[in-house]
Each structure stands twice: as C-alpha cells, then as structure tokens.
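Since the structure comes first, as structure tokens, the remarks are kept for the end.
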Amino acid sequence: MFNKRFFRKSLALMLLAASIPGLIIGIGIYELAASKMESELQRLHQSQIKQRAENIVDQLAYLELTFSHWAFDTKFDDKMRELNIAYDYEKVQELYRTLLVMEGTHPLLKRVDLFLDEPRPVLFNKDQFAYLSDSPELQPYESLLSERKSLFWMNVIHSDQAKANGAETLKLVNKIPGGSSEPFGAIVATINEDKLINLLDTLTPYNEGTTLLMTKDGSWRLSGHDKGSPSGLVAALQQEYSRHSGTSESFLFDYDKTTYSVSYGEMSRLGNTWVYISAAPLTSITAPVLLLSKWIVIISVIGLLLALLMSWFLSKRIYSPVGRLVRLISGDRGEELKDEFDLLEQRWNHLAEESESLRVRLKEQQPLLRDSFFLELVQGYFYSLEENNLRERLRHYGWSTENRQYVVLMFQLTGFANLRGRFSVGDEELVTFAATNIIEELTGTHYEQAETVNFHNFSVGLLLSLPEDHPSWLEEELDSFGQEAMQTIKRILNMQVTIAVSKWTNQVKQISQLFEEARQALVYRDLLDEQQIIKTDRLLKASPQMDAGFPFTLEKEIVHAVRSGQEVEAMELIGQFMKALSASSPTELTVQQGMLQLLGSIRYAVLQSGMNPVQLFGGVNLFDQLALIKEPEEMRAWLQRKVVGVFIQELTCRQDFHVKQLVEKSILYLREHYMEAISLDSCADKFEVSPFVLSRAFKSVAGINFIDYLTEIRIDHARSMLRETELKINEVAERVGYQHTYFNRIFKKYEGSTPSQFREMHRS
C-alpha cells in the first residue's frame, strides 16, 4: 500500500502554510517599500554595480595576463625572424594551431592576428596568411612596433570599409618576442565588442537605462544597448560625470522627466584610465518591489480562500497519476513508501544521466562511424547488401544518391627514399596523412560530394560523386584536378605521385570493384615518368611480357657473387639487373616481377649453401615484403639490408671459424715437420684447400705470410742448435730443412751474421 493518506495531509498543510505567510509578507513589503525601501534599494543597487564592475575588471585583467604570457612562448622567439613560409610547413601549421588556441583562451576575443615584420611583412590568422606589401595596409601594423610599451590597448580603424562606417575596433597588442628591445612582430587580439557590450549591460540589469565605458579624457567611449532610454542620455551622462567626478561614486540625475541613479568608477588598464558609468531609473529599481508586494497580498488572499478547496480536490487528482507512476517504476512490490517523489527523482536522475551519456557517445562516434563506413564500402565488406540499402546509408551521411555517377582516383606516392633529410624511417604514415589532408583540401574546392580514404602505405583513395548527366568537359576537368594535386604534393612534400582513374559507374555496389581496379592499375606506372595519370579503361588487357628481356646472365652473376661473399659486387650487379629490367619495359609490374624472381634464385642459393632460409631470415615472408615496395631504389636497399647482407654476414661468420681451424692445423703441422721439404702447395694439398685460400687465411690469422712463418720456425731451431750442440753447420742446415749454401744466406739475412759467426759470439 502506498501512503495516500499521508500524501493528502501533506498537500493540504503545504497549501495553507504557503498562503498565510505570503499574505503577511506582502503587506509588510508594501508598507516598507513606500517609505524606507527606496533608499535602501538604491544603496544595494550601487553596491551591486560596484561588484559587477569588479567582475569586468577581473575579466579584463585575466585577459591581459593570459595574453602577455603568449609573447614569451618559445614559438615566438628570435627563430621566427628566419621563418620560411613556403618551406617550413610544419612550423606554419603549428602557428595556425597556436592562433586557434589563443582565440579560445578568452570569451572576449574575436580574432587573433600575428604580424611578422621579418623576413617579410606578413599577417597570420587561424585561417590563412597574407603578405602585406601596400603601405596603407602595412603602416598600421608597423606603427605598433614603434610603441613604447610591449603590451597596450588601442583603438584603430584598419579598413576602408570600417572607416566609412565609422566603426572603431578595440584591440589588445603584445609585441614579440616578450621583453625584447628589438621586437620584430606583434600579436594583435581584436575584442568582440558585442560581447563586451553584453558584459557592460550587466551593470544595468533592468529594462531601462544604459551603461557607458570610456577613457578618462573622453577620447573614446563605448555604450551598452540603450534599454528604452532617450537618445541623448549618453551624451548628457558624459557631461554630468565631468561635473561630479572626484566628489562621490554615485549621484542622482534628472533627465527627460526621469530620475536616474548613476554609479561610476575608474579602472586602470595598462597605464590608461577607463571610466564606467551605469544609469538606471529609480522607478526600475523600486517598481518591481512595489508591484511584487501588491501581487503577493492579492495572491495570498486568493490563495488563502482557495487553499481549503484545492487541498481536498487536488489531493485526489494529483495523487492518482503519481500513484500509477510510482507503481510502474517500483514494479508494484506492495511495500509502503514514505516519499514517492524521492523515488521519482532518483529514477529521473538515473535516466537523465544515461540519456546524456548516450548523446555524448553518439556525438563522439559520428565521425568515426562515417570513416568506418566508407572504408568498409571501398574494401567490399557490403557486398551482401542491396543497392537500395547502400544508397540509404549514403543518404544518412549526407550524400545525394539520385541520378549520380561515381568515379575512383587512387593516389600512389613514391620517392620517399629521397627525403631522408626531411623525413626519417617510420614517418611513412605521417607523410601519407599529410598527402591525404592536401587531397581533401583540394577536393573541397572542386567537388561537393567527395570522400578521401587513407590506406597508410603511401596510398590515398578518393571517391567522387557527380551528376549522372555531367557534361563532357567534366572529365577533362578531372584530369586538371589530378595535375593540380600532383603538383601541390610535389611542391609541399617533394613526393612523386601516380594517379589511377577508374571507370564511371552509377551503382554503389560497384564502388569497391572500382577501387580494386584502380589499385591494380598502379602497377603499370612508368618508372621513368615521375608524375602520371593512368586511365583503367585504356590499359592493355595483357600483362607486359618480360621473358624476352629478362637478364638471365646477370641473374647468374648476382647469385655467384652472393655465394662468394662479394657484397659490393653483388649490389652493383643488382643495380645493372634493375636497369636491364627497366630497359625492356619500364613499368612497376615488370621490375617487381623480375625482382621477385631474383629473390627466389638467391633464396635457392642460400638453401644450396647448407643454410636454412627460414631460420636465417627469421621466418618472415620475404616475397610479401618485397611485393609491398613500389620504388626501385627502395627494392635495391631492401634486398641488400634484408637478404644479401644477412646471408653474407652468416657466410662470413661460418668461413671465419673454418679459416681459424685451418690455420691452427697448418701451424701445428709446420712445427712438427719443419725439417722436411714443405711448401705452400704441399701444405694446401695436405688440408685439401687451394694455395690461395691457405695463403690468405694464414695472413689474416697469423699476421704474416706462410713462408715467413715457416722460416721463423726453422731459424729459431737453428739458433738453438748453434748455441747448444757441436753439430756442423751443414748438419744444422739439413736438420732445419735447408741446403748448406741457402742456409748461410737466409740465416745472415735474419740474424745479420753467418752461422759460424753466431756460434762464436754466443760461446765467447
């Protein structure tokens, strides 16, 4: 059971309690307002005006403080003197974003301009920049730099149109860089005078009266919206202020049979003094109180009479829907509630929070849903949907689908290998994103319905929707647009562009097929032509034949050089190989197929050398990686980095191990058989290697050649025999593997004396 009786009693007591105090308060206010309320309200009004004026002062002070900080930002330091707008693309974009942020820092800002006097006078705002060459345009801005203060307010007329209309613009100027004695520019903030006037109107919160903001010398003034006041009131207030200034902060002023309560005050703004004046009729201040008190008395009396009747009637009528609503929300659990409205409030707040959360999430996801839809459309994920369903989805995203034709343009960027000075490895997505923005901006100036798709691999797709009965010159204009896009991307990003233009269709379901045809057409680009437009309907159906021009001889030489560990020679031959492919047919498809075949031959050579290609190359699919590369120079660099270099490094490591083993065995053999007739050829035959390999290995490991090492062993043993034995000289020569006459000559060459002289010196 719901607490119906409690609800009725509460409603009756509430109505009675609301009527009786209202009657008493209304009579009291009416009597008080007639005598003492007028002066008290005037005092309160003046205090309110003063508080609101302080709020305006605080907002202006906050604006000045916030604005002064920007001059010390590192974006506006002395490096700006050397800003090259044409080439410093990222710096200019950062300036646009900074100006946009500055405009949003305060509600009183209407526009923020950046003026740079060096290296060439130019004016920036969040939308564009413009060079200032004419003296009438340049002089007002250069005069800002001659001001003594770094931060100041000013009132100037900039344009001829503004001058003709007599409109002055209040501006806040901050010279940059902050604290510099030689500024080279200024940040100029234009104040939104409509918002400033609305702010001034808070000083006169009535339907009548006016407000005035002016300099103390009266050289400039700004008045709020005149709320039913006489037209000459502003001028009269200005004159009256000049008589009362310095005596009091408020006064009464009679004008046009109306008495005004005038409050004024001063505010110091960056060394200048501004004066605010607020004037409101006394009747506007006290009339609401008198009128309200009368109505309170009348309504309270009527309410007192109707309270008893309404308390009985409304309790029935009101509680009936409340009870049904409570039962609906609570599920009619049959438990007694002390406060039904508390339950309704909780449920209402819960539903409001859920509704707001869903609204915010939907608003955030709308751009992502649009991008996701078009990406899935071009990739063919909607092949199962009907044509009408697809058209309905396009209309949902703002596209017209009646009597429309569609065409696809695929943009392929190349030449990234030549941009290592501007971009580094890993910036591919950044470059593609920049190209997407350029294409999107150019498209917006030419076509109403267009959508760009960023494929993140130097590829950008563009879907255009045009009238079905478009004139013939529109296709020529499409070629002109392609040329403009290629030149713009070349100028800004220094990248070459190839554009594939698909056939036309009036079926939305065929859009994904058009994208695939355009993507496939890009492989027919001419590698010798940097900028080109390919029409899919003009391509030959047959793929270019490369068997006749395939350089098989160079392929064999490359494989031999790789197996021999000659990396430099192998890469030179690969360069010749690619030139030979381009000479036979300079299309991307020909070069790519030829490089894939060469990769297969090298991989087979790796397998023949006894290595496992899967382990050597980390288990990656080399053919898939090579197929994704579009530029010939990138193909060559990738082949050296990922295939040839890896194989030769592994081959070298294995050869070094075998070489060390070979030299160690040779040295051991020489020490045991030095007295025999040993030569480089005989030792090479002993270990089943060529004399050239043994000689090079001995030199690289031991540091000396084979013969010198053998000679040192023999001479060392000969010295020991001459010092420690009585053997004859010819016997010593035979025991170390030399003829007597040759032994004398070689010993003297190494020791500087004959064997006999060496024995006598060491025995004596």
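This one's a predicted model, so the numbers in the text were calculated from it and none came from an experiment.
Within a 6.0 Å radius of CD in Gln93, other residues, nucleotides and ligands contribute more than 12 heavy atoms. Few gaps surround NZ on Lys509; more than 12 heavy atoms of other groups in view lie less than 6.0 Å from it. Counting heavy-atom neighbours within 6.0 Å of Gln507 CD, excluding the residue itself, gives a total above 12.
By the 4.5 Å heavy-atom criterion applied to side chains, Leu413 and Thr432 are not counted as neighbours. With a 4.5 Å cut-off on side-chain heavy atoms, Leu390 and Ile511 do not count as touching. No side-chain heavy atom of Leu377 sits less than 4.5 Å from a side-chain heavy atom of Phe515. When side chains are defined from C-beta on, Val407 does not count as touching Leu514, because their heavy atoms never get closer than 4.5 Å. Side chains of Leu478 and Tyr447 form a contact here, defined as non-hydrogen atoms less than 4.5 Å apart. Annotation: side chain of Glu402 is in contact with side chain of Arg395 (closest heavy-atom distance under 4.5 Å). Residues Val408 and Thr505 are not in side-chain contact: their nearest non-hydrogen atoms beyond the backbone lie 4.5 Å or more apart. With a 4.5 Å cut-off on side-chain heavy atoms, Lys503 and Gln510 do not count as touching.
Taking all atoms of both residues into account, the shortest heavy-atom contact from Met486 to Val497 is SD-O, 3.4 Å. Scanning all heavy atoms of the two residues, the minimum distance from Met410 to Gly461 falls at SD-CA, 3.8 Å. Contact detail for Ala186 and Ile176: the closest heavy-atom pair is N-CG1, 3.9 Å. Minimum interatomic distance between Thr401 and Arg391 (heavy atoms only, all atoms of both residues): O-NH1, 2.5 Å. Shown here for Asn506 and Glu387, the closest heavy-atom pair between the two residues is O-OE2, 4.2 Å. Heavy atoms only, all atoms of each residue included: Ile499 and Gly482 are closest at CD1-O, 3.5 Å.
In this structure, the side chain of Glu103 engages the main chain of Val112 through a donor-acceptor pair within 3.5 Å. With hydrogens and angles ignored, the 3.5 Å screen pairs a side-chain donor or acceptor of Arg404 with a backbone N or O of Ser465. The backbone N or O of Glu353 sits nowhere less than 3.5 Å from a side-chain atom of Ser357 that would complete a donor-acceptor pair. Judged purely by atom type and a 3.5 angstrom limit, Gln449 has no side-chain atom pairing as donor or acceptor with the backbone of Leu466. Distance alone, capped at 3.5 Å, places no donor-acceptor pair between the Thr66 side chain and the Leu63 backbone.
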Check your understanding: Run the side-chain contact (heavy atoms from CB on, under 4.5 Å) check on Glu392 and Leu385 step by step: do they pass?
Key -> CA-CA 11 Å; Glu392 180 63 28; Leu385 297 182; over 6 Å; no
Practice item. With side-chain contact (heavy atoms from CB on, under 4.5 Å) as the test, would you mind laying out the steps for Val431 and Leu493 before giving the verdict? Key: CA-CA 8 Å; Val431 173; Leu493 300 179; 4.3 Å; yes
Practice item. Kindly determine whether Glu440 and Thr443 satisfy side-chain contact (heavy atoms from CB on, under 4.5 Å), including the steps that lead there. Key: CA-CA 5 Å; Glu440 187 171 357; Thr443 305; 5.6 Å; no
Practice item. Just do the side-chain contact (heavy atoms from CB on, under 4.5 Å) check on Gln496 and Lys490 with the steps written out, would you? Key: CA-CA 6 Å; Gln496 293 83 41; Lys490 175 67 176 178; 3.2 Å; yes
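To the nearest 0.5 Å, the span separating CG on Asn192 from CG on Leu109 amounts to 9.0 Å. Expressed to the nearest 0.5 Å, how far CZ of Phe373 lies from NE2 of His396 amounts to 9.5 Å. One distance of note links CD1 of Ile489 with CD1 of Ile438; it measures 5.5 Å at 0.5 Å rounding. Note that OH of Tyr397 is 8.5 Å distant from CZ of Phe374, once rounded to the nearest 0.5 Å. The NE2 atom of His350 sits 11.5 Å away from atom OG of Ser355, with the distance rounded to the nearest 0.5 Å. The OG1 atom of Thr452 sits 10.5 Å away from the CG atom of Leu464 when rounded to the nearest 0.5 Å.
Remark: Glu94 does not engage Lys91 in a salt bridge, criterion side-chain N to carboxylate O under 4.0 Å.
A parallel orientation is assigned to the rings of Trp399 and Tyr406, their planes being inclined by less than 30° (bins at 30° and 60°).
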